[in-house]
Novice: 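Take a look at this one; I'll ask things after.
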Number of protein chains: 2
Amino acid sequence: MFDVFQDYLSQKITLSAQEFDLIKSVAKIKKLRKRQYLLQQGDFWKYKAFVCQGLLRSFRTDDKGVDHIIQFSIENWWAGDIESSTLGNPSKNNIEALETTTVLLFSNNDFEMLESKIPVFKDFIAALITQSYFASQNRVHDSISMNSEERYSKFLKTYPQIANRVPQHMIASYLGISAETLSRIRKQIQKK
Amino acid sequence: MFDVFQDYLSQKITLSAQEFDLIKSVAKIKKLRKRQYLLQQGDFWKYKAFVCQGLLRSFRTDDKGVDHIIQFSIENWWAGDIESSTLGNPSKNNIEALETTTVLLFSNNDFEMLESKIPVFKDFIAALITQSYFASQNRVHDSISMNSEERYSKFLKTYPQIANRVPQHMIASYLGISAETLSRIRKQIQKK
DNA sequence: AATTCGTCTTGACATTTGTCAATGTTTTTT
DNA sequence: AAAAAACATTGACAAATGTCAAGACGAATT
């Protein structure tokens with residue numbers, strides 16, 4: 001399973017065989033069954049997780065017990081809770097496998113070691129976070145400027161690989177609308 | 001005006017006098033009048049801007065000519081468009097001064113030079129972007145999980161310094177609701 | 001094979017929010 | 001000081017969305 005990560009990294013940066021070995025030596029493979037949790041709200045999360053195979057959802061449960069999905073992570077994406085692991089706070093997020101999933105886990109310590117020993121890797125991760133930041137900014141913009149139908153259509157266009165692997169009501173949760181409203185929007189779109 | 005930035009940096013990281021001089025040597029002071037633009041949608045933005053004094057809004061104008069405010073930046077905050085300057089795309093954002101404002105401008109080249117010569121500075125900026133990232137994630141979460149009144153109340157609590165320097169209809173824009181709705185929400189809150 | 005569970009849809013109704021128009025007030029500009 | 005522009009509020013109505021309840025369908029479990 002490490003080769004998925006190796007392929008991923010190779011496409012982004014150039015590393016020596018020794019550097020790959022170093023990374024491999026600290027990567028822990030973890031398998032998750034469908035519906036199994038990788039992280040639960042309140043836990044202290046001290047890892048970075050890379051998804052080799054499968055599909056995860058990150059979500060928060062509010063006072064009323066309603067889930068709100070912040071992110072889906074599929075193959076070649078990262079998952080986790082940077083906020084919790086950076087600030088050392090208990091995590092606000094749950095992470096659950098929606099399919100049988102294999103992730104690579106890196107403890108914070110190991111990860112920092114990798115960053116300090118492999119500067120290119122450090123820069124890559126920084127660039128990754130920067131990109132995640134403006135992806136998030138764009139999502140904020142969408143949420144304040146588009147109506148539900150537009151947001152749904154954009155979701156389909158942007159994440160077709162996710163859209164057909166995930167139940168509708170979870171897409172609704174991701175978009176911040178009720179499952180019923182999404183169902184009606186889909187009906188409307190069909191008519192056109 | 002550079003001393004505002006120096007004070008800011010001193011609180012975050014430790015730098016030598018020489019390092020401060022280096023930073024100062026590439027910082028360009030720019031004054032903006034009220035309503036003056038620092039950046040316009042479509043421009044190529046190649047800077048980082050630090051606000052020494054005043055207040056900026058970053059926003060995007062949609063097809064219908066409606067503004068959507070992404071961010072307010074006050075003293076000791078950054079402004080700009082990382083997405084545009086990182087990817088080299090024309091900017092999606094406008095940045096306008098809502099008050100007489102003084103910013104420190106760093107060109108991308110100068111900024112990279114600073115990062116390479118002052119590792120602590122580079123790490124600090126990376127940490128800053130990381131924090132901005134999860135602030136943005138939290139805003140996404142708020143937008144999908146809270147109603148308008150809750151979002152407004154949280155805005156007041158989180159940014160009291162901004163709330164009373166900015167017109168209501170801009171807060172509405174930031175929250176993704178109409179000015180009329182915000183007005184009614186305020187009336188409701190008063191009653192309680 | 002039968003049963004349970006999760007998913008998606010639909011109807012009916014209530015609530016929230018947007019839109020348009022009007023008005024009074026304050027702030028800015030001339 | 002007068003005029004113009006920006007701002008905040010309100011009413012009336014329309015549109016969008018949420019909530020609750022019910023039912024159909026298929027997948028997973030026993």
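Below, chain A is the first sequence line, B the second, and so on; all start at residue 1. All figures in this text were calculated on a predicted structure; none of them were measured in a lab.
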Novice: Show me the protein contacts with nucleotides 12-15 of chain D, counting only N or O atoms at under 3.5 Å.
Specialist:
residue	atom	partner	partner atom	Å
D:dA12	N6	B:Arg184	NH2	3.3

Novice: Quick one: is D:dA8 close enough that its OP1 or OP2 comes under 4.0 Å of any side-chain N or O from B:Arg186?
Specialist: no

Novice: Between A:Ser148 and A:Leu175, does the side-chain contact (heavy atoms from CB on, under 4.5 Å) criterion hold? Intermediate values first, please.
Specialist: CA-CA 8 Å; A:Ser148 300; A:Leu175 296 173; over 6 Å; no

Novice: Any chance you could list the contact pattern along nucleotides 23-30 of chain D? Use B for base contacts, S for sugar-phosphate-only contacts and - for none, protein heavy atoms under 4.0 Å, 5' to 3'.
Specialist: --------

Novice: Are side-chain heavy atoms of A:Glu150 and A:Asp142 found at a separation under 4.5 Å?
Specialist: no

Novice: Side chains of residues 43-50 of chain B: which donor-acceptor partners sit under 3.5 Å, not counting sequence neighbours?
Specialist:
residue	atom	partner	partner atom	Å
B:Asp43	OD2	B:Gln40	N	3.2
B:Trp45	NE1	B:Tyr47	O	2.8

Novice: Can you find a heavy atom in the side chain of A:Glu83 that is under 4.5 Å from one in the side chain of A:Asn93?
Specialist: no

Novice: With side-chain contact (heavy atoms from CB on, under 4.5 Å) as the criterion, how do A:Leu9 and A:Gln6 come out once you've worked through the C-alpha distance, each side chain's angles and the decisive distance to 0.1 Å?
Specialist: CA-CA 5 Å; A:Leu9 273 185; A:Gln6 182 154 352; 5.9 Å; no

Novice: Which one of B:Glu115, B:Glu112, B:Lys117 satisfies the side chain to side chain contact (heavy atoms under 4.5 Å, CB included) criterion with B:Lys122?
Specialist: B:Glu115

Novice: Are A:Leu56 and A:Trp77 in one and the same hydrophobic cluster, where Ile, Leu, Val, Met, Phe, Trp and Tyr link if side-chain heavy atoms are under 4.5 Å apart?
Specialist: no

Novice: Please report the interatomic distance CZ(A:Phe59) to CG(A:Asp67), rounded to the nearest 0.5 Å.
Specialist: 4.5 Å

Novice: In this structure, how many angstroms lie between the C1' atom of C:dC8 and the CD atom of A:Gln190, rounded?
Specialist: 12 Å

Novice: Rounding to an integer number of Å, can you tell me how far B:Gln188 CD sits from C:dT15 C1'?
Specialist: 11 Å

Novice: What is the separation between atom CD1 on A:Ile189 and atom C1' on C:dT9, rounded to the nearest whole Å?
Specialist: 15 Å

Novice: Rounded to whole Å, please give me the gap between CD in B:Glu180 and P in C:dC20.
Specialist: 10 Å

Novice: Can you tell me how far CD1 of B:Ile13 sits from CD1 of B:Ile118, rounded to the nearest 0.5 angstrom?
Specialist: 7.5 Å

Novice: Should B:Tyr174 and B:Val166 count as side-chain neighbours, where that means a heavy-atom distance under 4.5 Å?
Specialist: no

Novice: Atom CG of A:Leu182 to atom P of D:dG18: distance rounded to whole Å?
Specialist: 10 Å

Novice: So, is A:Thr181 close to the D:dG18 phosphate, meaning a side-chain N or O under 4.0 Å from OP1 or OP2?
Specialist: yes

Novice: Do the two ring centres, one from B:Tyr8 and one from B:Phe2, sit under 6.0 Å apart?
Specialist: no

Novice: I need the residues from residues 153-178 of chain B with at least one non-hydrogen atom less than 4.0 Å from DNA chain D; give them sorted by number, or say none.
Specialist: B:Pro167, B:Gln168, B:His169

Novice: Expressed in angstrom and rounded to an integer, what is the separation of B:Leu98 atom CG from D:dC7 atom C1'?
Specialist: 14 Å

Novice: I need the CE-C1' distance between A:Met146 and D:dA16, as an integer number of Å.
Specialist: 17 Å

Novice: Is A:Lys187 close enough to C:dT9 that one of its side-chain N or O atoms is under 4.0 Å from OP1 or OP2 there?
Specialist: no

Novice: Compute the bend angle of the helix from C:dA1-D:dT30 to C:dT30-D:dA1 from the end axes (five pairs per end), rounded to 10°.
Specialist: 50°

Novice: According to side-chain hydrogen bond (donor to acceptor under 3.5 Å, both in side chains), does anything in residues 160-170 of chain A pair up with another residue at least two apart or in another chain? List the pairs.
Specialist: A:Glu75-A:Arg165, A:Glu99-A:Arg165, A:Gln168-A:Arg186

Novice: Can you find a pair of side-chain heavy atoms, one from B:Ile162 and one from B:Phe155, that are under 4.5 Å apart?
Specialist: yes

Novice: Would you give the length of the straight line joining atom CZ of B:Arg60 to atom CD1 of A:Ile144, rounded to the nearest 0.5 angstrom?
Specialist: 8.5 Å

